[in-house]
Amino acid sequence: MQALLLDQQDGKTLASVKAVEETMLPQAEVTVDIDWSSLNYKDALAITGKGKIIREFPMVPGIDFAGVVRDSADARFTPGQQVLLTGWGVGENHWGGLAETARVKGDWLVPLPEGLTGRQAMIIGTAGFTAMLCVMALEDAAVRPESGEVLVTGASGGVGSTAVALLHHLGYEVVAVSGRESTHDYLKSLGASRILGRDEFAESRPLEKQLWAGAVDTVGDKVLAKVLAQTNYGGCVAACGLAGGFALPTTVMPFILRNVRLQGVDSVMTPAPRRLEAWQRLVRDLPASFYQQSATEITLDQAPNFAEAIINNRAQGRTLVKIR
Ligand code: NDP
């Protein structure tokens with residue numbers, strides 16, 4: 001099989017597409033022939049070696065994939081069945097989706113939801129799935145379209161783009177935060193009503209004028225601190241990312257004086273029922289136009305270059321990898 005293989009030499013990560021014996025695949029119940037994978041921020045950290053994502057080499061990266069079951073020792077899955085996978089440490093500590101074949105646990109697989117192709121599933125990918133979980137977190141916190149404007153940070157990235165499109169489709173007034181002028185037309189086409197510059201979020205006071213009923217934050221650090229200081233009484237911020245850093249220079253003021261909820265969102269270990277619900281919601285709530293607007297399709301050979309682009313904030317929307 002062809003695979004993107006990561007190795008380490010003198011502390012540096014080397015990434016190259018190679019022919020690999022399938023006997024090297026890890027032991028697990030279900031073998032999947034992969035059609036589509038994608039590049040997420042975490043994949044970019046792993047492939048470029050910019051983040052300590054991978055501890056054991058050689059490793060096949062790719063934290064998500066869609067494909068067809070070849071054989072299965074798990075009665076829930078049958079040969080020919082279409083499946084998708086996101087998370088569970090696949091592509092981090094278990095060989096992942098940037099290869100023609102993967103062998104994984106049945107518990108990690110989701111049957112491809114009706115109404116979705118494998119290609120669409122990977123245009124959504126881990127990033128889009130996480131955006132849906134963030135939107136569901138806002139709904140759980142009773143943030144409704146009539147509650148007021150909602151903010152999305154890191155808006156032109158994979159999670160951000162999907163969050164903007166979903167929230168707009170659900171009737172929310174969406175304000176996008178982006179560090180790039182070049183993405184403004186794109187963000188408007190996804191449904192952002194206005195766009196704020198990232199530089200406006202550099203400094204904040206413990207409490208500022210209340211502006212947002214809710215927010216999806218993919219950036220962390222100072223940006224998240226400012227978002228919290230500007231969140232309305234009783235509002236909720238769904239925090240899922242660290243594209244701007246993992247620190248959080250904030251105070252308790254938004255929590256104790258404004259009843260603000262900071263809701264963490266993790267997609268890796270999401271339990272199966274919530275997973276299935278999120279995928280059903282994506283089929284229903286993500287507009288068909290999103291798949292054209294937000295996807296850049298690449299080949300496996302191009303993955304290392306595009307991983308660099310993601311790390312250097314030169315990518316927009318979702319990067320889809322055609323495997324076969
Ligand atoms: P992308 O690279 O596609 O998007 C990240 C966006 O963040 C960029 O497009 C950019 O948006 C903004 N950004 C980039 N660099 C900086 C910076 N230095 N400071 C501030 N903003 C920056 O990544 P994804 O959308 O795939 O992931 C976003 C974040 O969410 C990542 O940190 C990722 O690890 C995390 N994540 C977490 C998951 C979870 O389970 N909790 C699952 C998936 C992702 P713009 O140019 O518009 O400003």
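Ligands are counted one by one from 1 in listed order, and the atoms in each one are counted from 1 as well.
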Open item on the list: Out of T270, L187, N313, who is nearest to atom 8 (C) of ligand 1 when you count heavy atoms only?
Closed with: N313
- [ ] Check whether any heavy atom of V219 sits under 4.0 Å from an atom of ligand 1.
- [x] yes
Open item on the list: Tell me whether the rings of F129 and W279 are parallel (<30°), tilted (30 to 60°) or perpendicular (>60°).
Closed with: parallel
- [ ] Compute the shortest N/O to N/O distance between G157 and ligand 1 and return yes if it is under 3.5 Å, no if not.
- [x] yes
Task: Heteroatom distance test (G160, ligand 1): nitrogen or oxygen, under 3.5 angstrom - done: no
Open item on the list: Polar contacts were defined as any N/O atom of the residue lying under 3.5 Å from an N/O atom of the ligand; does this apply to S178 and ligand 1?
Closed with: yes
Open item on the list: Could you check whether atom CD of E146 has more than 12 heavy atoms from other residues, nucleotides or ligands sitting under 6.0 Å from it?
Closed with: yes
Task: Heteroatom proximity flag, A315 to ligand 1, N/O under 3.5 Å - done: no
Task: Close aromatic pair by centroid cut-off 6.0 Å: W36 and F65 - done: no
Task: Identified side-chain contact (heavy atoms from CB on, under 4.5 Å) partner of W95 from the options V90, L25, V104 - done: L25
Open item on the list: Could you tell me, atom by atom, which parts of ligand 1 come under 4.0 Å of a heavy atom of G154?
Closed with: 6 (C), 7 (O), 11 (O), 12 (C), 47 (O)
Task: Pair D140 + R274: basic N to acidic O under 4.0 Å - done: yes
TODO: Examine C240 against ligand 1 and note whether any of their N/O atoms are separated by less than 3.5 Å.
DONE: yes
TODO: Pick whichever of T183, V159, I310 has a heavy atom sitting closest to atom 2 (O) of ligand 1.
DONE: I310
Open item on the list: Under 4.0 Å, heavy-atom basis, I'd like to know which part of V265 is in contact with ligand 1: side chain, backbone, both or neither.
Closed with: backbone
Open item on the list: Which of the numbered atoms in ligand 1 are under 4.0 angstrom from any heavy atom belonging to S267?
Closed with: 39 (C), 40 (O), 42 (C)
TODO: Mark yes or no for whether T183, through its side chain, and R180, through its backbone, hold a donor-acceptor pair below 3.5 Å.
DONE: yes
Task: Any side-chain donor near an acceptor of the partner, T218 and Y41, under 3.5 Å - done: no
Open item on the list: Heavy atom to atom 20 (C) of ligand 1, shortest distance: which of E181, Q316, R198, R180 holds it?
Closed with: R198
Open item on the list: Tell me whether E29 is salt-bridged to K105, with the criterion being a basic N under 4.0 Å from an acidic carboxylate O.
Closed with: no
